Amino acid sequence: MVESLLKSLNEDGWLLLENVIPPDRVDAVRRNVLSARDRSLETEEAKLVAKDARVTTRGGAVVGLINLDQSIAPYLADPRVLAIIERLWGDYTRIVSLGGLISDPGHRDRVWHADWPFNQTNAAHIPAPYPDSVQVLTGIFMLTPFTAETGGTFVVPKSHRSSNNPTGDNGVDRGAPHPTEVQVTGEAGSLLLFDSRIWHSAAPVLSRDARVAAVVRYAPWWINLNPILLGTDDHARIVTETNGKPYLVPLVMREVFESLPGTVQPLLRHWVEPGG
């Protein structure tokens with residue numbers, strides 16, 4: 001199975017894993033992510049002013065989800081995902097970020113991009129032309145069904161083999177349909193896993209209910225995460241001093257980390273608040 005999954009990831013740049021979250025658990029996780037957004041919005045202004053927020057909300061994205069809700073935690077170390085990343089990078093893989101992503105009814109933003117560190121609009125990024133290697137994986141947990149009506153994510157298969165993406169002014173209209181695009185569909189509880197270089201975009205939500213997801217990113221130990229952490233010299237030099245666009249990940253609260261499953265802690269121990 002691992003060989004087949006790696007082949008799909010290498011050739012097409014994405015794959016779908018079903019039943020990562022059991023059917024009898026996915027509704028609870030979805031409700032918790034929605035609740036996390038509501039709770040983070042209550043103190044949004046104060047947290048943004050503080051500039052060292054453990055949780056922030058940007059539009060429909062809840063950054064630092066793990067600090068508000070841990071119900072997604074057991075599924076971050078799905079055996080199939082761990083087998084894939086072990087084959088790709090060996091030991092000591094880390095989770096770069098974990099957040100909630102809610103697209104409300106009427107959402108119509110559709111912009112082609114690749115994820116960090118390949119998004120060329122972020123101050124901290126791998127400049128194009130970047131090398132042809134898998135350096136970060138993005139996983140989207142489908143907490144509601146992904147369909148054409150609910151706004152399943154669009155991807156451009158094989159685009160991960162390009163040395164640039166539409167955020168890098170590569171001649172592709174970021175807001176226009178792509179001739180080889182595929183809209184990924186799947187049942188709630190499935191995981192869309194893709195090479196973070198792949199071109200992808202949100203889709204219009206035509207249903208009456210929000211599309212709810214959680215997004216996780218995995219990287220090997222040798223990827224430098226300092227530029228996306230406040231208080232580091234790399235962040236100051238690359239982002240703050242250049243007045244560039246930040247991509248920030250808050251630290252995990254120590255008491256939250258200690259409550260996580262033993263299989264998940266190794267993936268997040270690098271992000272834990274100091275002290276304790």
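On a predicted model such as this, the values are computed, not experimentally measured, just so you know.
Every residue was checked against the side chain to side chain contact (heavy atoms under 4.5 Å, CB included) condition with Pro79, not counting sequence neighbours, and none meets it. Judged as a salt bridge (Lys or Arg N to Asp or Glu O under 4.0 Å), and not counting sequence neighbours, Asp109 has no contacts. Scored by the side chain to side chain contact (heavy atoms under 4.5 Å, CB included) test, Arg110 finds Trp112, Phe154, Pro177, Glu181, Ser201 as partners (sequence neighbours excluded).
Taking CZ of Arg211 as the start and OG1 of Thr144 as the end, the distance is 7.0 Å to the nearest 0.5 Å. We find the OG1-CZ distance between Thr242 and Arg237 to be 11.0 Å, quoted to the nearest 0.5 Å. Taken to the nearest 0.5 Å, the CD1 atom of Ile238 stands 8.0 Å off from the OG1 atom of Thr232. How far CD of Gln135 is from CH2 of Trp116: 9.5 Å, rounded to the nearest 0.5 Å. Taking CG from Leu268 and OG from Ser97, the interatomic distance works out to 10.0 Å, rounded to the nearest 0.5 Å. Atom OG in Ser259 sits 7.5 Å away from atom CD1 in Ile66 (nearest 0.5 Å).
Under the 30°/60° scheme for interplanar angles, the aromatic rings of His200 and His113 are found to be tilted.
The backbone N or O of Asn165 sits nowhere less than 3.5 Å from a side-chain atom of Gln120 that would complete a donor-acceptor pair. In this structure, the side chain of His107 does not engage the main chain of Asp104 through any donor-acceptor pair within 3.5 Å. Under a 3.5 Å cut-off, the side chain of Glu18 and the backbone N or O of Ser190 do not form any donor-acceptor pair. For the pair Trp199 (side chain) and Pro157 (backbone), a donor-acceptor distance under 3.5 Å is absent. A donor-acceptor contact shorter than 3.5 Å links the side chain of Trp271 to the backbone of Val96. For Gln70 (side chain) and Pro261 (main-chain N/O), no donor-acceptor pair under 3.5 Å exists by modelled atom type. Looking at Tyr130, its side chain does come within 3.5 Å of a backbone N or O of Asn164 through a donor-acceptor pair. Under a 3.5 Å cut-off, the side chain of Thr180 and the backbone N or O of Val156 do not form any donor-acceptor pair.
Hydrophobic clustering, defined by side-chain heavy atoms of Ile, Leu, Val, Met, Phe, Trp and Tyr closer than 4.5 Å, groups Met142 together with Trp14, Leu16, Leu101, Ile140, Phe146, Val155, Val182, Val184, Leu192, Phe194, Ile198, Val215.
Every pair passing salt bridge (Lys or Arg N to Asp or Glu O under 4.0 Å) that includes a residue from residues 127-156 is listed here, sequence neighbours excluded: Asp132-Arg161, Asp132-Arg197.
In the displayed structure, Asp169 atom CG is contacted under 6.0 Å by at most 12 heavy atoms of other residues, nucleotides or ligands. Atom NZ of Lys158 sits in a crowded spot, with more than 12 heavy atoms from other residues, nucleotides or ligands closer than 6.0 Å. More than 12 heavy atoms of other residues, nucleotides or ligands lie within 6.0 Å of CD in Glu258, so this atom counts as buried by the packing criterion.
Phe141 and Tyr75 have their aromatic ring centers separated by at least 6.0 angstrom.
Checked by atom type, the side-chain pair Asn226/Asp233 shows no donor-acceptor distance below 3.5 Å. If you check the side chains of Ser159 and Ser162, you find no donor sitting under 3.5 Å from an acceptor.
Grouping the Ile, Leu, Val, Met, Phe, Trp and Tyr side chains by contacts below 4.5 angstrom, directly or via other members, places Phe118 apart from Trp222.
Of the listed residues (Asp115, Val216, Leu193, Asp195), just one forms a side chain to side chain contact (heavy atoms under 4.5 Å, CB included) with Thr138, and that residue is Asp115.
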Throw together a table of side-chain donor-acceptor distances under 3.5 angstrom for residues 20-33, partners on residues two or more places apart or in other chains.
{"from": "Asn32", "atom 1": "ND2", "to": "Ala28", "atom 2": "O", "distance (Å)": "3.3"}
{"from": "Asn32", "atom 1": "ND2", "to": "Asp69", "atom 2": "OD1", "distance (Å)": "3.4"}
{"from": "Asn32", "atom 1": "ND2", "to": "Ser71", "atom 2": "OG", "distance (Å)": "3.2"}

